[in-house]
Trainee: 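My structure is below; once you've seen it, I'll send some questions.
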Amino acid sequence: MNLKPLKRKFFARNTEQVARELLGKIIVRQINKQKIMARITEVEMYRGENDLACHASRGRTPRTETLYGEPGHAYVYLIYGMYYCFNIVTEVKDFPSAVLLRACEPVSKGFDELSLVGPGRLCRELKITKELHNEDISKSKKLWVADDDFVVTKKEILSSPRIGVDYARHCTSWPWRFYLKNSKAVSKLKTGSRIASDSRA
DNA sequence: TTATCGATGGTA
DNA sequence: ACCATCGATAAA
């Protein structure tokens, strides 16, 4: 398994391309020499101030400063008072964009099949907290993404609207959620069935 | 099976 | 007053 970190160049590209290529990669979380690993199965992209679902849609604030910073840094924030969400900043400095990691399937032992599904659960299980906010994951010893030479073809990737952004008006329907068709470890909106627009290729 | 609700705190 | 969530519970 190739656990070398993806470099900044990987993240310094078009956000959709980065989002799609992150699928199948491995998140490595190292806590004193102990590595927890998980394969990315579901992501969402948030791009620019014109994306009403993006935290930067209301401009540059102390909170969103990291989104405007160098690509390859972690944007970690607290949601609903009790969960963290982990994003990776993309593109170029001063343009706010990132990819939210929504679900993984376990690579390390000791995880239930679905315990890493959902952005809040993923962070809880990988122990990603505000301590890692703004961490440079191209250089970090605590958190990075490894290529693992895992091959994902275009056909294996599906897209849908993003989850939980009903407030984002015309941006709500943008198909900026990407996930692996063949993975069980993707979030479901309603019990049993995947959401309607999941069928697009 | 689907719907609703409470926990809990940073942000603007 | 929101909110890129989750888990529990109730209703049907």
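As the structure is a computational prediction, the values presented were derived from the model and not from experiment. Each chain gets a letter, A, B and so on, in the order its sequence line appears, and its residues count up from 1. In what follows, every heavy atom counts, from backbone to side chain, and hydrogens, waters and symmetry copies are set aside.
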Trainee: Please identify each residue that fulfils side chain to side chain contact (heavy atoms under 4.5 Å, CB included) with M1(A), with sequence neighbours left out.
Mentor: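 With neighbours one apart ignored, the set is L3(A), I26(A), M37(A), V107(A), D148(A).
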
Trainee: What is the distance from CD1 of I128(A) to P of dA4(C), rounded to the nearest Å?
Mentor: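 To the nearest whole Å, that distance equals 19 Å.
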
Trainee: Name the closest nucleotide to the L78(A) side chain, picking from dA4(C), dG10(B), dC6(C).
Mentor: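 Of dA4(C), dG10(B), dC6(C), dG10(B) is nearest to the side chain of L78(A).
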
Trainee: If you measure only the distance, is there a donor-acceptor pair under 3.5 Å linking the side chains of S57(A) and E49(A)?
Mentor: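 Result is no, nothing qualifies.
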
Trainee: Write down the distance between OH (Y167(A)) and C1' (dA1(C)), rounded to a whole number of angstrom.
Mentor: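 From Y167(A) OH to dA1(C) C1': 14 Å.
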
Trainee: Would you please confirm or rule out a distance under 4.0 Å between OP1 or OP2 of dA4(C) and any side-chain N or O of H55(A)?
Mentor: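 Affirmative; the distance criterion is met.
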
Trainee: With distance as the sole criterion, is a donor-acceptor pair present between the side chains of K35(A) and Q30(A) under 3.5 Å?
Mentor: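 There is such a pair (donor and acceptor under 3.5 Å, judged by atom type) between the side chains of K35(A) and Q30(A).
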
Trainee: Identify which one of R47(A), R8(A), R13(A) satisfies the salt bridge (charged side-chain N to carboxylate O under 4.0 Å, His left out) criterion when paired with E91(A).
Mentor: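 Looking at R47(A), R8(A), R13(A), the match for E91(A) under the salt bridge (charged side-chain N to carboxylate O under 4.0 Å, His left out) is R47(A).
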
Trainee: Could you please name the option among dG10(B), dA4(C), dT5(C) that lies closest to any side-chain atom of I163(A)?
Mentor: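 Nearest to the side chain of I163(A) among the choices is dT5(C).
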
Trainee: Name every residue in residues 91-108 of chain A that has at least one heavy atom under 4.0 Å from any atom of DNA chain B, in order of residue number, or write none if there are no such residues.
Mentor: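 None - not one residue of the stretch has a heavy atom sitting under 4.0 Å from the strand.
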
Trainee: Please convert DNA chain B into dot-bracket. A pair counts if it is Watson-Crick or G-U wobble with both distances under 3.5 Å; crossing pairs go in [ ] and bases paired with another strand get |.
Mentor: |||||||.|||.

Trainee: Looking at C54(A) and G48(A), what are the two nearest heavy atoms and their distance?
Mentor: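 Nearest heavy atoms, C54(A) then G48(A): CB-O, 3.7 Å.
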
Trainee: Let's see if you get this right: which residues in residues 59-69 of chain A place a heavy atom under 4.0 Å from DNA chain B?
Mentor: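 The answer is T61(A), R63(A).
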
Trainee: When the ring planes of Y77(A) and Y75(A) are compared, do they come out parallel, tilted or perpendicular, using 30° and 60° as the limits?
Mentor: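 Answer is tilted, since the angle falls between 30° and 60°.
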
Trainee: Going by atom types only, do S183(A) and E105(A) share a side-chain donor-acceptor pair under 3.5 Å?
Mentor: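 E105(A) and S183(A) do have a side-chain donor-acceptor pair below 3.5 Å.
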
Trainee: Quick check: are there more than 12 heavy atoms from other residues, nucleotides or ligands sitting under 6.0 Å from CG of D94(A)?
Mentor: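 For D94(A), atom CG is crowded (more than 12 foreign heavy atoms under 6.0 Å).
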
Trainee: Between the protein and nucleotides 6-8 of chain B, which nitrogen or oxygen pairs are less than 3.5 angstrom apart?
Mentor:
residue : atom : partner : partner atom : Å
dT8(B)  : O2   : Y80(A)  : O            : 2.2

Trainee: Please report the distance, rounded to the nearest Å, between CZ in R162(A) and P in dT5(C).
Mentor: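 Atom CZ in R162(A) sits about 12 Å away from atom P in dT5(C).
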
Trainee: Quick one: H133(A) NE2 to dT11(B) C1', roughly how many Å, whole number?
Mentor: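 In whole Å, dT11(B) C1' and H133(A) NE2 are 13 Å from each other.
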
Trainee: Rounded to the nearest angstrom, tell me the gap between atom CG in D166(A) and atom P in dA1(C).
Mentor: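 In whole Å, dA1(C) P lies 20 Å from D166(A) CG.
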
Trainee: What integer distance in Å separates E42(A):CD from dT5(C):P?
Mentor: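 That distance rounds to 10 Å.
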
Trainee: Could you tell me the separation between the OH atom of Y77(A) and the C1' atom of dA12(B), rounded to a whole number of Å?
Mentor: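 Going from OH in Y77(A) over to C1' in dA12(B) covers 16 Å.
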
Trainee: Indicate if L67(A) and W174(A) have the same hydrophobic cluster label, given that clusters are the connected sets of ILVMFWY residues with side-chain heavy-atom separations under 4.5 angstrom.
Mentor: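 No; tracing contacts between hydrophobic side chains, which count when under 4.5 Å, never links both residues.
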
Trainee: Tell me which pairs pass ring pair (Phe, Tyr, Trp, His ring centres under 6.0 Å) where either residue lies in residues 80-99 of chain A, with sequence neighbours left out.
Mentor: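 Every candidate ring pair (Phe, Tyr, Trp, His ring centres under 6.0 Å) pair involving residues 80-99 of chain A fails, so no pair, neighbours aside, qualifies.
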
Trainee: What is the minimum heavy-atom distance between L122(A) and C104(A), and which atoms define it?
Mentor: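 Smallest interatomic distance, heavy atoms only, reads CD1-SG, 3.7 Å.
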
Trainee: Starting from V76(A), can I reach I40(A) by hopping between I/L/V/M/F/W/Y residues whose side chains sit under 4.5 Å apart?
Mentor: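 Same cluster: I40(A) reaches V76(A) through Ile, Leu, Val, Met, Phe, Trp or Tyr contacts under 4.5 Å.
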
Trainee: Taking all non-hydrogen atoms of both residues into account, name the closest pair between I137(A) and P5(A) and its distance.
Mentor: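 Minimum heavy-atom contact is O-CB, 4.3 Å.
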
Trainee: Membership question, hydrophobic clusters at under 4.5 Å side-chain separation (ILVMFWY): are L6(A) and L101(A) in the same one?
Mentor: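 Cluster IDs for L101(A) and L6(A) match.
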
Trainee: What is the distance, to the nearest angstrom, from the CZ atom on R58(A) to the P atom on dA12(B)?
Mentor: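 To the nearest whole Å, that distance equals 8 Å.
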
